[in-house]
Amino acid sequence: MSVDAPGAATGRSGESFRHPALFYRGREEYLATTVPFVTGGLAAGEPVAVAVPRPNLELLREALGRELGGDLKRVELLDMAQVGRNPGRIIPGVLRAFADRHPHGRIRIIGEPIWAGRTGEEYPACLQHEALINLAFAGRPVSILCPYDAAALDPRVLADAATTHPVLVDRAAERVSRGFAPRWAIAAGNVPLPDPFGDSGRERGAEGVATVRFDHTTLAPVRALAVREAAAGGLDPDRVLDVELAVNELAANSLAHGGGSGTLRVWIAGGRLVCEISDGGQITDPLAGRRPVDPATPGGRGLLLVNQLADLVRTHSVPGATTIRAYFRL
């Protein structure tokens, strides 16, 4: 069965959304599935986008150039390590952005958000992203093929892929995933964030945490602290403004939805500035910050904007307590 055959999303016929995972080993296995996925879509008149890390992007660019006679303008090619370095940015900024530009008829996307260079700190956000795709595109005529390098990735990552993808494809066969449980994967990514100065969670290179509590009357010190620490960390002026804007949006969300107050902590570790906001609220919408907002709709853009500005966003939210960390590369 083709990875884009009817029912490939869930193993049942009649489903509009299709979301298979491809487990590949080596370039030949990668191209054997991805190239027909692209050319088959083009032959059917479907818009096609490819968002994968640069080495695989160049591999596909070369192979598709041969197949399409050099006419690569028919395919949107994106470096996932750039456009999707923050997993929270991929659904609104890459997948939905492409799908919403083509609202009529089926579209196809190859999206590879997890590769061997991803860090352990990034992985929970990647896991949640893959699970949330199923909610974000439920019922839409969209096919998203997600390749996984089975030779380079940890077996745990491949096992998790079976929970976030309803169909699994490898060189041997295509099969329905019996472990498909996206809600479980969303919850599995909602884990407590390690304290950078705790006994078991100290971050390498972290030297100190700057802290300020805030409420409706004290937002100015929050922005000032973020700007001071970002500048001291060596961020260029444009990125300092990004940090200020992201922290302001997070603090404003705390005031509006987190009990009217919160705490900002800022530190530097692992070559990144980390800005953490904690408050007494709870985020109950799993797609918060990942759903595009109609320009005519007031509000609702805070977390979406933070995802666009930061290089990584991690969230832990339970009843009565939410912590959000935004990471910025130095």
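Please read these numbers as outputs of a predicted model, since none were measured by experiment. For this chain, numbers begin at 1 and follow the sequence in order.
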Subject >> Considering all heavy atoms, the nearest Val243-Cys275 contact >> reply: CG1-SG, 3.9 Å

Original post:
Hey, are the side chains of Phe214 and Leu255 touching, using non-hydrogen atoms and a 4.5 Å cut-off?
Top reply: yes

Original post:
Where is the tightest heavy-atom contact between Thr164 and Asn134, given as atom of each residue plus distance?
Top reply: O-ND2, 2.9 Å

Subject >> Ring geometry between Phe137 and Phe17 (parallel below 30°, tilted from 30 to 60°, perpendicular above 60°) >> reply: parallel

Original post:
Can you check whether Glu174 reaches Pro20 side chain to side chain, under 4.5 Å on heavy atoms?
Top reply: no

Subject >> Arg140 and Asp100 ion-paired at < 4.0 Å >> reply: yes

Original post:
Do Arg272 and Tyr327 have side chains that get closer than 4.5 Å, going by heavy atoms?
Top reply: yes

**OP:** Before accepting this row, confirm whether a basic side-chain N of the pair Arg25/Asp149 lies closer than 4.0 Å to the acidic partner's carboxylate O.
**Re:** no

Original post:
Considering only heavy atoms from C-beta outward, does the side chain of Glu29 approach that of Phe23 to under 4.5 Å?
Top reply: no

**OP:** Quick one: closest heavy-atom pair of Asn56 and Tyr24, and the distance?
**Re:** ND2-OH, 3.1 Å

Original post:
Which atoms form the tightest heavy-atom contact between Gly189 and Leu127, and what is the distance?
Top reply: N-CD2, 4.5 Å

Original post:
Do Leu264 and Val247 come within less than 4.5 Å of each other through their side chains, counting heavy atoms only?
Top reply: yes

Original post:
Is the closest side-chain heavy-atom distance between Thr263 and Asp279 below 4.5 Å?
Top reply: no

**OP:** For side-chain contact (heavy atoms from CB on, under 4.5 Å), just list the numbers for Ile133 and His19, CA-CA rounded to whole Å, side-chain angles, deciding distance to a tenth of an Å, and then say yes or no.
**Re:** CA-CA 8 Å; Ile133 288 177; His19 186 209; 3.9 Å; yes

Original post:
So do Arg213 and Ser261 actually touch side chain to side chain, heavy atoms under 4.5 Å?
Top reply: yes

Original post:
So Asp236 and Arg239, salt bridge (charged side-chain N to carboxylate O under 4.0 Å, His left out) or not? Walk me through it.
Top reply: CA-CA 5 Å; Asp236 64 47; Arg239 286 302 273 164; over 6 Å; no

Subject >> Crowding at CZ, Arg183 (>12 non-hydrogen neighbours, <6.0 Å) >> reply: no

Extract all donor-acceptor atom pairs below 3.5 Å that involve side chains of residues 81-93 and protein atoms in other chains or at least two apart in sequence.
unit_1 : atom_1 : unit_2 : atom_2 : d
Arg85  : NE     : Asp311 : OD1    : 2.5
Arg85  : NH1    : Gln82  : O      : 3.0
Arg85  : NH2    : Asp311 : OD1    : 3.4
Asn86  : OD1    : Gly88  : N      : 3.0
Asn86  : OD1    : Val313 : N      : 3.4
Asn86  : ND2    : Asn307 : O      : 2.8
Asn86  : ND2    : Asn307 : OD1    : 3.2
Arg89  : NE     : Asn307 : O      : 3.3
Arg89  : NH2    : Gln308 : O      : 3.3
Arg89  : NH2    : Ala310 : O      : 2.7

**OP:** Answer whether the closest heavy-atom distance between the side chains of Leu273 and Glu229 falls below 4.5 Å.
**Re:** yes

Original post:
Any ion pair linking Glu76 and Arg101 (charged N to carboxylate O, less than 4.0 Å)?
Top reply: yes

**OP:** Please assess Leu135 against Ile186 for the test side-chain contact (heavy atoms from CB on, under 4.5 Å), listing each intermediate value before the final yes or no.
**Re:** CA-CA 11 Å; Leu135 304 186; Ile186 293 168; 3.8 Å; yes

Subject >> Worked check of salt bridge (charged side-chain N to carboxylate O under 4.0 Å, His left out) between Arg291 and Asp285 >> reply: CA-CA 10 Å; Arg291 185 185 290 108; Asp285 178 6; 2.7 Å; yes

**OP:** Identify, with sequence neighbours excluded, every residue that meets side-chain hydrogen bond (donor to acceptor under 3.5 Å, both in side chains) alongside Asp71.
**Re:** none

Original post:
Shortest non-hydrogen contact from Cys126 to Pro113?
Top reply: SG-O, 4.0 Å

